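To start, the structure itself, in structure tokens.
Within every chain, numbering begins at 1; the chains are lettered A, B, ... in the order of the sequence lines, protein sequences first and strands thereafter. If you're wondering where the values come from, they're calculated on a predicted model, not measured in any experiment.
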There are 8 protein chains.
Amino acid sequence: DYAKLDTTRKERTGFAEVVYCARKADEHLLNIYQKLYKEDGEVFGTRASQHQYELVKSVLPQVVYDPVSGILKIEKEKEHIGKVTVCTAGTADISVAEEAAQTAEYFGTHVERIYDVGVSGMHRLFSRLDTIQDANCVVAVAGMEGALASVMGGLVKRPVIAVPTSVGYGASFHGLSALLTMINSCANGIAVVNIDNGYGAGYLATQINRLAEGK
Amino acid sequence: DYAKLDTTRKERTGFAEVVYCARKADEHLLNIYQKLYKEDGEVFGTRASQHQYELVKSVLPQVVYDPVSGILKIEKEKEHIGKVTVCTAGTADISVAEEAAQTAEYFGTHVERIYDVGVSGMHRLFSRLDTIQDANCVVAVAGMEGALASVMGGLVKRPVIAVPTSVGYGASFHGLSALLTMINSCANGIAVVNIDNGYGAGYLATQINRLAEGK
Amino acid sequence: DYAKLDTTRKERTGFAEVVYCARKADEHLLNIYQKLYKEDGEVFGTRASQHQYELVKSVLPQVVYDPVSGILKIEKEKEHIGKVTVCTAGTADISVAEEAAQTAEYFGTHVERIYDVGVSGMHRLFSRLDTIQDANCVVAVAGMEGALASVMGGLVKRPVIAVPTSVGYGASFHGLSALLTMINSCANGIAVVNIDNGYGAGYLATQINRLAEGK
Amino acid sequence: DYAKLDTTRKERTGFAEVVYCARKADEHLLNIYQKLYKEDGEVFGTRASQHQYELVKSVLPQVVYDPVSGILKIEKEKEHIGKVTVCTAGTADISVAEEAAQTAEYFGTHVERIYDVGVSGMHRLFSRLDTIQDANCVVAVAGMEGALASVMGGLVKRPVIAVPTSVGYGASFHGLSALLTMINSCANGIAVVNIDNGYGAGYLATQINRLAEGK
Amino acid sequence: DYAKLDTTRKERTGFAEVVYCARKADEHLLNIYQKLYKEDGEVFGTRASQHQYELVKSVLPQVVYDPVSGILKIEKEKEHIGKVTVCTAGTADISVAEEAAQTAEYFGTHVERIYDVGVSGMHRLFSRLDTIQDANCVVAVAGMEGALASVMGGLVKRPVIAVPTSVGYGASFHGLSALLTMINSCANGIAVVNIDNGYGAGYLATQINRLAEGK
Amino acid sequence: DYAKLDTTRKERTGFAEVVYCARKADEHLLNIYQKLYKEDGEVFGTRASQHQYELVKSVLPQVVYDPVSGILKIEKEKEHIGKVTVCTAGTADISVAEEAAQTAEYFGTHVERIYDVGVSGMHRLFSRLDTIQDANCVVAVAGMEGALASVMGGLVKRPVIAVPTSVGYGASFHGLSALLTMINSCANGIAVVNIDNGYGAGYLATQINRLAEGK
Amino acid sequence: DYAKLDTTRKERTGFAEVVYCARKADEHLLNIYQKLYKEDGEVFGTRASQHQYELVKSVLPQVVYDPVSGILKIEKEKEHIGKVTVCTAGTADISVAEEAAQTAEYFGTHVERIYDVGVSGMHRLFSRLDTIQDANCVVAVAGMEGALASVMGGLVKRPVIAVPTSVGYGASFHGLSALLTMINSCANGIAVVNIDNGYGAGYLATQINRLAEGK
Amino acid sequence: DYAKLDTTRKERTGFAEVVYCARKADEHLLNIYQKLYKEDGEVFGTRASQHQYELVKSVLPQVVYDPVSGILKIEKEKEHIGKVTVCTAGTADISVAEEAAQTAEYFGTHVERIYDVGVSGMHRLFSRLDTIQDANCVVAVAGMEGALASVMGGLVKRPVIAVPTSVGYGASFHGLSALLTMINSCANGIAVVNIDNGYGAGYLATQINRLAEGK
Ligand SMILES: Nc1ncnc2c1ncn2[C@@H]1O[C@H](COP(=O)(O)O)[C@@H](O)[C@H]1O
Ligand SMILES: Nc1ncnc2c1ncn2[C@@H]1O[C@H](COP(=O)(O)O)[C@@H](O)[C@H]1O
Ligand SMILES: Nc1ncnc2c1ncn2[C@@H]1O[C@H](COP(=O)(O)O)[C@@H](O)[C@H]1O
Ligand SMILES: Nc1ncnc2c1ncn2[C@@H]1O[C@H](COP(=O)(O)O)[C@@H](O)[C@H]1O
Ligand SMILES: [Mg+2]
Ligand SMILES: [Mg+2]
Ligand SMILES: [Mg+2]
Ligand SMILES: [Mg+2]
Ligand SMILES: [Mg+2]
Ligand SMILES: [Mg+2]
Ligand SMILES: [Mg+2]
Ligand SMILES: [Mg+2]
């Protein structure tokens, strides 16, 4: 058997293993979903295709698939603590934002969403300032030039997790432009993750939220 | 004699020749300043060094040097028409902004300056909105992540000329980050020029200002 | 509902909202087209596919689709003022040029087209010099090495909006080569937009044209 | 007066203004140090040179300079709460690490340092695991291939702030290599900041530490 | 006939010709497989498709295809000497690792495999240290940030052959991130080959293994 | 003795060895100049510094130094055959153009120079068309956006050797922009050499000129 | 009608117009082939698809298609003068080499082909040295690391036209690696064209061959 | 005390600690040299400056400095086993080659040097073929286009360690060109290390040489 289960992960890091579905062979994927479901009573995967949904559903019929984010999960009832606000610049960034939001929720975080508030129409952002400023941290998801993170950084006391996305064309170079923008932000308190890495942002947001809630 | 005077330039383009002082040999520079001054009664150079100032001053004592922008000029009294607003994100961008502002002024444009209004403290920008919104065009000068241009673009009816600067370090890659930000702006009406090219911005601003004033 | 209508945009910027069709879900696209058409009696979208055309046509049968530029629109009769000239270097650049030209026309600009006048056969460009020199601004669309913008810049008094395209292969790196050429132009008065961003060029051209026509 | 004091910053963000000394003119620097000292009774600057130290010392003799980190400060006695651990891969990364550590301390964070524990000799890191695992967050500072952050991420429950440095040569491309490593980390909970941006890491660590301490 | 058989290769280099199947025309591929099989009684190809498998099978029915690595071979019984250990960071790196392992085996090397021991869960690697430390050389296959090679380098006396893979997304830039990590490794004794070049790693490992075994 | 004299080079290639002076140790340089002068009665070096000039002059007083091109030579009287035209876009490109021109002359080529005829003022180029069109080949030297080569290519029957230069700033990236322009030229018959490689252009021009003159 | 026929091209440059088939609409392609065939009695196109072949064949049944090079042509009997040798490093480079060879032949050049003589087996190249050394120029076509051009340059008196190809994977970055190799060649007399630009190489080779043959 | 001595390194890896002198503070450097000398009776540092030589000499007068390679060492008499051949393409690559050669010698390897045998004059290399083919491994050091490694790879049975150097200008991009060449080599058995990393090559060569000699 090729893959090694990282059995002490939850102990070491406080987070259960999450399945990265992309590129996984059908048989391998089925195995993992069944194994993790059996162990934990729940299982959470990212970047799943419609085909993978149907595959897993045939053995775990209660599995739920969200085609926007590509998340494929069986989720237990749980309490959601604290508050993390997830924002996007445009509507095309929502798929990445949902990966972040649902990851955080799976790990027990209370999430609020504010989408399509990019800097070319700043009044949309300002009308939601309260919801942004009282979160334990903010996730700013943006492609193209990615300026949303800098503007956020200047408005809040708490960390801003910046997720560059591959939304854009031409010189956006598949997210490089937004990544550089966010890494070079003139605002402070900006934590950058990989292009389109909603999962990583949701994880980091959960870590910060847990600290804030004394967990 | 190596260099060719572009004698029909003013006719063709409406702008007199400007001296790019960087890399010019002393003798060559002196020649050009004397020649252009004789022809036009004024002369304007960019990217001049302190040494070049002293050199030119020895033969044209009325020459004026601005060490911040590197501009070395003898300027006739002239009318300044219309209105162009030049903004910067930080104080380190001012040298480029001054190159833009003084170039535009040399070509007969009325210029207003609003400096140090970067997006990490947006209230500074909003308190000057009137001066920004009634200009014929706005020049936005910013390094690091260069988000200023996008924010401007969402606030004004008129063109925004975006000048990325080499201010920053690390992954700013000498202005590449700000350049990509500005080229990928989610806002509309953003005209981008080269990194640190205040001269080009002042020239373009003058072209637009002249059109707006019916010249 | 995810997307936020930027309802004050026309007031703030003087331009109605335009639909970026690429990546939009069918249902979402239909919604937006119907909503905007209802509000304004016209609607304009870029980067639409044949499939999207048929979709929208099923509910708005008067919609018109141009497969060359990917524009999908219902357009009211309107006056076209001033003059903007749109040029291309080759025939493959025409799709981007049409995006620029039709965007400008939608916003009320009078446009003239001069296509396939690249610098490897300069006589083609020179034979149309009059039409180029009396425009309020020129849009130069070129891929590969993108030299057209520089040549234009030396011939006209008015701004040149340079649009690099992804036309080319090998070291054109999907438009990067043309973008760098245009940003580094030795000619003055060159305003650069993103690779393949015909829409942005048409918008900027309209801003300049309006100023020139006293609007 | 060029620069705009961002007077509401502390209110908005919870952090006082910090001086970025690099590129500042002498007169300008003196002004700022005096003004901020007068207001707050303390002042903190980064990237200061020996010359700037002597300059400021001539008017504020109590100023303290650390040539390793380039920090120039007058610091009030204050309580240091919580715990942040700052690690480096090599000794050459210490200048950046000290910028991070002293920034965090200035903002009231208790900091522990573990330097020269790079992944080519992992036992050094493992011998300090306790100090790493009970921090509210860890700052991992590394140049060259920057693998330290990934290893850390697999060992702790709390966020890891990853600071790529420009230490290295050849294909390290002035920190690009370490930046890419950290952004692509296979470990979770990695928050990346700009190359050599110790200040940004110290700021972010303080935000997280405050949340953890209920501030 | 286009292709030139490198008939003295085995003499010069000690290795028989291997077929690079990708991009080869059907007829050409059949020819080569038949020719090499006739000469050597065995034949080995990399990057073969399912289609190519079926093609070759129709004339050489004993051919064996491994869809994971893309290897298509007829292999004689042979002795496998020495010891090379092939490791991967994740499960997605296994296709490249198998190319390396099977290449080495084809050339007579004894190979051990340790897969899915990436640095985010270091205990998995440490539990296999013996098998790693007594190999003549180690092949470390990793995508994303590629930190596995550096960690290995610090643990063994023998050369580590580092194979960056294109596994990852966003700023992994199709393996560039892992390549830079490995080239800049702070550990010593790291020999880097091209992205996804399992073949090259297996070849190099064989050369080293042969030297160690006195061949 | 470290360096190996390539004694059969002239036979093999038709060209004597040329000295690349940059980075050479004093003693080493002196040796080479004396040796080559003794053998051939002439010697030609590129990229020499003022210091190297004085050094060589102390033992070979007849040596001649051109600080513009950095060429340091003792040249025999010789016939100059055929015709090569060397053009530059700006005055700053002249140092590279002189390296090309003097290299070609040293190898027996008749050279004509046309400098400062960049594409922003095309009339300057057109007024010299005859001299350009009857050359055996044309060398086009240009920095910034490097459009000169494309325009040339459309005007002549003979090969154009394109030399990108590092003249420019910002996004010229030390000549990368001009290099990409020239490699992607829409005109035909463009042979590109390395950035600032006047020597290589002069060599290639000589090869072509010799063929044209039946040598 | 969009496209402009460059009717004076043959006069100006000595070469008839060639069709770049890629991306051309069916109707447009048919038009051009018919027009050019009518004018010249022959027509030559590059980068044509099987579909385009069938299309053109339906109206011009005598058209000939080579699927390896993608050339689609009707060619008159003509004399082939002089000698150009076209070499490739591997078999995958042959498609680009054939584009070069057939272009040169179409323009009246006598061509010899030497394929699959890459530098990893130098004896293959050396056994053909005579054919290489008596050509008027050599075209060296190579992907991956592209070292063939440098080796050639050291062996011949005449110009080497270097064509980097996109053959390779991983860090070959679609031909960038071979392009950089060739541009930086330590050998002299190397003229580089764009990645995969066989056409450009065949054109340049013809220009040089004509000069050598006194045309 | 900042730096951590990696005291178990020799045990773990078989190699003593080597000093990387660049960037080290004087006091720190002195400390390390004295400590290591005391422990081992010898000490070896790379990238040392003339100033550092004089510094160390003042306390350890027997220290020896080689300004070409920057190596600063006190070396015990020792046996040198096996055979490694170090080659360079040009004379400017010798500084890196010496770092490799002397590192290998310090670790007990017998080294032969063959310098200035670049591929533009292949006869120089072929005349030394015996010395190259009977080494346990070959180190190929080359800048500019770095083709030497590929040619070597095709000629030998044993591993080739390829060291790209920063020698070159323009599009060599400080060694990137040579690095890509070597990583993409069409020859097999090429192990690449970082740009200018002679030390790493010497280390790796020693590992291979030891295996070959049964150590
Ligand atoms: N979308 C994602 N992006 C990055 N990492 C992920 C993502 N989804 C899951 N992961 C991580 O990948 C690990 C699983 O990788 P694997 O062992 O290859 O299935 C999980 O435990 C997570 O740490
Ligand atoms: N700072 C600047 N950046 C870019 N172009 C400039 C600048 N200053 C002057 N120029 C242009 O450079 C021309 C002079 O170049 P030259 O003939 O080389 O002296 C002027 O006519 C302007 O078009
Ligand atoms: N996966 C691979 N990656 C790189 N090189 C390979 C690979 N497989 C085979 N080769 C090499 O490519 C040669 C065959 O190339 P070709 O003559 O084009 O078929 C073999 O002899 C090997 O040296
Ligand atoms: N400016 C230059 N650029 C590139 N190559 C040069 C230049 N000048 C001389 N060369 C080449 O470098 C060789 C000498 O190199 P070296 O043996 O290192 O002195 C000459 O024979 C030329 O082939
Ligand atoms: Mg929107
Ligand atoms: Mg400020
Ligand atoms: Mg055409
Ligand atoms: Mg250390
Ligand atoms: Mg795993
Ligand atoms: Mg000029
Ligand atoms: Mg072959
Ligand atoms: Mg030499």
Side-chain angles (χ1 to χ4, degrees), chain A residues 88-93 116-126 129 132-133 140-157 160 162 164-190 192 194-195, chain B residues 87-93 116-126 129 132-133 140-157 160 162 164-190 192 195:
Chain A
T88 74
T91 54
D93 304 310
D116 200 19
V117 292
V119 302
S120 70
M122 296 271 302
H123 55 288
R124 299 176 297 187
L125 178 61
F126 284 124
L129 220 51
I132 290 166
Q133 286 176 332
V141 183
M144 299 167 88
E145 98 283 48
L148 183 64
S150 294
V151 171
M152 286 292 189
L155 297 172
V156 299
K157 282 198 164 59
V160 173
T165 73
S166 55
V167 169
Y169 60 86
S172 83
F173 296 128
H174 311 290
L176 177 61
S177 168
L179 171 60
L180 290 182
T181 301
M182 288 166 168
I183 278 287
N184 285 290
S185 181
C186 64
N188 302 130
I190 310 287
V192 186
N194 195 6
I195 297 163
Chain B
C87 308
T88 75
T91 54
D93 304 310
D116 201 18
V117 292
V119 302
S120 69
M122 295 273 302
H123 55 289
R124 300 176 296 187
L125 177 62
F126 285 124
L129 220 52
I132 290 166
Q133 287 177 331
V141 183
M144 299 167 88
E145 99 283 49
L148 184 62
S150 293
V151 171
M152 285 294 187
L155 297 172
V156 298
K157 281 197 163 64
V160 172
T165 73
S166 55
V167 169
Y169 60 86
S172 83
F173 296 128
H174 311 290
L176 177 62
S177 168
L179 172 59
L180 290 181
T181 301
M182 287 166 170
I183 278 285
N184 285 289
S185 180
C186 64
N188 302 130
I190 310 288
V192 187
I195 297 163

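- For A:Val167 against A:Ala92, the heavy-atom pair with the smallest separation is CG2-O, 3.5 Å.
- Between chain A and the options B:Ala187, B:Ser172, B:Ala178, heavy-atom pairs under 4.5 Å are most frequent for B:Ser172.
- Looking at A:Tyr169, only its backbone comes within 4.5 Å of chain B, counting heavy atoms on both sides.
- With a 4.5 Å cut-off on side-chain heavy atoms, A:Arg124 and A:Asp116 count as touching.
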Using distance only, find each side-chain donor-acceptor pair of residues 142-152 of chain B under 3.5 Å and give its atom names and separation, not counting sequence neighbours.
unit_1, atom_1, unit_2, atom_2, d
B:Glu145, OE2, A:Ser150, OG, 2.4
B:Glu145, OE2, A:Cys186, N, 3.3
B:Ser150, OG, A:Glu145, OE2, 2.4
B:Ser150, OG, B:Ser185, OG, 2.8

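- Remark: A:Asn184 engages B:Ser177, D:Asn194 in a side chain to side chain donor-acceptor pair (under 3.5 Å) (not counting sequence neighbours).
- The candidate with the highest count of non-hydrogen atom pairs below 4.5 Å against chain A, out of B:Val119, B:Thr181, B:Leu179, is B:Thr181.
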